[in-house]
2 protein chains.
Amino acid sequence: MKSRPRPISQGDVAAACGLSEMTVSRVLRGQRGVSPATIASVQAAARDLGYVPNRIAGALAGARVPLVAVIVPGLSNMVFPEVLMGLAEGLEGSGLQPVLGLGNYDSATEERVLAELLAWRPSAVVLTGLEHGARTREMLVRAAVPVVEIMDCDGPGIDCVVGLSQRAAGQDMGRAVLEAGYRNAVLLQSGQQGDRRQESRLAGFAEVLEGAGVPILGRLAYDGPSSVPKGRALAEAAITRWPEAEFLYCTNDMIAAGALFALQAAGRAVPGQTGLAGFSGLEILAGLAPRIATTDTRRFEIGRKAGEVILARLEGAAPGLRHEIAPRLDPGETLRR
Amino acid sequence: MKSRPRPISQGDVAAACGLSEMTVSRVLRGQRGVSPATIASVQAAARDLGYVPNRIAGALAGARVPLVAVIVPGLSNMVFPEVLMGLAEGLEGSGLQPVLGLGNYDSATEERVLAELLAWRPSAVVLTGLEHGARTREMLVRAAVPVVEIMDCDGPGIDCVVGLSQRAAGQDMGRAVLEAGYRNAVLLQSGQQGDRRQESRLAGFAEVLEGAGVPILGRLAYDGPSSVPKGRALAEAAITRWPEAEFLYCTNDMIAAGALFALQAAGRAVPGQTGLAGFSGLEILAGLAPRIATTDTRRFEIGRKAGEVILARLEGAAPGLRHEIAPRLDPGETLRR
DNA sequence: TGGGTCTGTGGTATCGATAACAGGACGCTA
DNA sequence: TAGCGTCCTGTTATCGATACCACAGACCCA
């Protein structure tokens with residue numbers, strides 16, 4: 001066997017079994033219309049030679065690039081990693097590969113990353129949220145590929161939308177709080193300021209409570225990444241300022257966990273005297289006692305559904321533009337019964 | 001302006017400014033040897049037309065594919081998401097895009113995913129750990145690209161290795177436990193059975209203790225994903241079986257958090273009566289009181305270093321084959337002083 | 001037995017960029 | 001002014017696959 005300077009190509013396989021490249025291509029893509037004997041011979045040759053197809057060439061020729069551009073703001077809080085796992089499952093077996101871009105919670109970065117990813121002419125694009133810059137929208141329209149916006153379905157999307165209604169999630173929790181009989185509440189938030197999803201959620205919550213005559217005493221915000229200690233600090237500040245507070249609605253489970261510690265340290269009975277709830281359903285906190293009330297956003301499901309929608313679109317189906325993945329309210333043990 | 005059925009190509013830009021494709025290509029890649037006037041004219045035309053280069057075509061022609069294949073076992077425990085963020089930072093500005101594959105903690109899947117990713121002819125490959133199947137190794141050798149194995153640097157790698165010595169990390173914790181004066185220990189583990197990194201770590205720990213005459217009373221394992229409740233169950237079983245246990249060394253922070261709850265529920269003073277330690281340095285648990293002793297593996301650093309090594313290799317430098325990122329032992333508050 | 005569909009296979013153009021080489025214009029030196 | 005090097009730009013071939021069309025032979029039915 002003579003040494004090849006270049007990796008094995010389809011042509012080598014074709015030569016090895018005395019067929020044309022075209023036939024080899026057909027066999028390797030599993031197209032029908034090839035005789036069983038030919039199929040066997042091609043497969044054997046490909047295996048023997050250790051042939052690895054070149055998708056770059058295939059993509060250029062086929063005008064179909066089996067890549068999906070995925071832009072998430074970050075990976076630091078378990079939300080998007082789970083979405084990615086769901087997406088990977090949804091795309092499983094389709095031959096589509098996700099290409100990851102990090103938007104860094106910042107629309108200028110998102111735009112830059114999107115431009116880089118679009119240079120690969122992906123077959124579909126997944127982005128987070130519904131708010132995007134004008135140039136971002138323009139690029140996406142020009143790209144003329146399916147676009148799936150995930151995590152939020154409260155407004156109009158560019159194309160498809162897969163997510164939850166943040167507002168409805170807030171409202172649900174609001175109703176649960178009313179049922180539990182709390183007579184006022186405080187909002188605790190952190191993370192990127194002006195986060196639209198968070199705002200909708202808190203608005204939905206406040207709406208329901210105030211509609212029932214239960215006042216929102218106030219809101220404390222920390223402009224930076226969420227963490228348990230930060231939640232603790234926020235909650236301490238809250239109960240100092242509003243000692244009469246009966247319920248703390250936190251924008252996520254980490255803040256809520258910190259708030260729980262603060263309440264316990266302050267000697268307040270949970271959930272009797274003061275209740276609290278978070279948001280996300282972070283599994284890592286499942287072991288805390290008492291279990292924190294939260295809204296499980298089913299991120300894995302969202303990712304998987306996004307994958308399915310993409311596949312449907314690429315097969316020419318019209319899977320509908322809005323897919324709501326209803327979140328699940330988990331009352332845990334920090335809401336009165 | 002007439003409607004174009006196809007997206008704008010380099011040829012269109014060339015036509016628009018009356019130059020050859022080659023010159024446009026040179027300008028857009030920032031090659032030197034083009035007059036300033038030409039550069040300006042090309043850039044203006046490209047901007048006006050909204051030209052997005054086609055990397056697929058560029059890759060095919062240039063024999064250089066600006067993609068990095070990254071295979072991690074999963075994204076479920078915050079370890080690999082952080083590595084990915086580090087990697088993204090390390091590759092920042094180089095034009096290299098990571099393509100993600102999930103190996104699902106299973107070497108057959110890893111192999112399949114690797115084959116798929118290699119079909120893109122990536123410029124480099126990043127994988128996790130040092131254990132890989134024979135076919136995996138063969139594919140990598142044949143691919144003839146830089147390979148970086150991350151997270152473990154206790155053995156020989158295929159090419160470059162960036163990570164920590166799991167054994168040394170275990171030894172370090174062992175020494176800390178000796179200094180604290182504990183007189184025996186129990187090992188608690190979960191996750192994939194036969195995980196080599198975990199094994200090395202526990203071995204290093206046990207080695208140091210036994211070398212000093214401090215016995216390992218035993219080991220309890222749960223073959224499944226780690227979680228706080230699982231850690232609690234393991235720890236409960238451990239103190240039932242070995243009531244005399246003075247120290248619990250857990251394979252990760254989630255197990256350790258559960259173990260902490262178990263000890264507290266059993267009324268054992270921590271760290272006075274019984275100490276414990278985890279592994280990873282999961283930030284999400286930073287708010288627990290007492291803070292759990294752990295080993296911060298600096299995953300972000302590992303990812304970033306991997307990116308830097310890849311860049312160096314692609315530029316022809318020889319950055320060294322083994323890069324140890326020393327972990328940091330954080331004594332927290334669950335080790336006696 | 002002739003004309004039709006159906007199967008299985010091959011030939012050729014093409015995808016959109018880059019590598020390698022070619023060559024004109026210009027300025028400088030002898 | 002011949003000769004030579006530099007700077008800038010263009011021409012041609014190529015990367016490795018797929019789309020599209022062509023076509024030979026098997027088979028069917030009237």
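Model, not experiment: these values are computed from the prediction. Note on naming: letters A, B, ... go to the chains in the order of the sequence lines (proteins, then strands), and numbering restarts at 1 for each one.
Minimum heavy-atom separation, A:Asp159 to A:Val145: OD2-O, 4.1 Å. Between A:Gly133 and A:Glu111, the closest heavy-atom pair is CA-OE1, 4.1 Å. A:Pro73 and A:Phe80 get closest at one heavy-atom pair: CG-CE1, 3.5 Å.
Ranking C:dG16, D:dA17, C:dT18 by closeness to the A:Gln10 side chain, first place goes to D:dA17.
Here the side chains of B:Ile310 and B:Val148 are in contact, with some heavy-atom distance below 4.5 Å. Contact annotation: the side chain of A:Val68 never approaches that of A:Val99 to less than 4.5 Å [non-hydrogen atoms, C-beta and beyond]. No side-chain heavy atom of B:Val83 sits less than 4.5 Å from a side-chain heavy atom of B:Thr128.
Contacts between residues 38-59 of chain B and DNA chain D, defined by a heavy-atom separation under 4.0 Å, are made by B:Thr38. The stretch residues 19-36 of chain B touches DNA chain D through B:Leu19, B:Ser20, B:Met22, B:Thr23, B:Arg26, B:Gly33, B:Val34, B:Ser35, each having a heavy atom within less than 4.0 Å of the strand.
Ion pair A:Arg197/A:Asp154 not flagged as a salt bridge, since none of the NZ, NE, NH1 or NH2 atoms sits closer than 4.0 Å to an Asp/Glu carboxylate oxygen.
Atom CD1 of B:Ile8 is separated from atom P of C:dG16 by 12 Å (rounded to the nearest Å). Protein atom CH2 of A:Trp120 is 12 Å distant from nucleotide atom C1' of C:dA17, rounded to whole Å. Taking atom CG of A:Leu60 as the reference point, atom C1' of C:dC15 lies 4 Å away to the nearest angstrom.
Nearer to the 5' terminus of DNA chain D, by closest-nucleotide assignment, is the contact made by B:Gly18 (compared with the other of B:Gly18 and B:Ala61).
To the nearest 0.5 Å, the span separating CD1 on B:Ile325 from CZ on B:Arg304 amounts to 9.0 Å.
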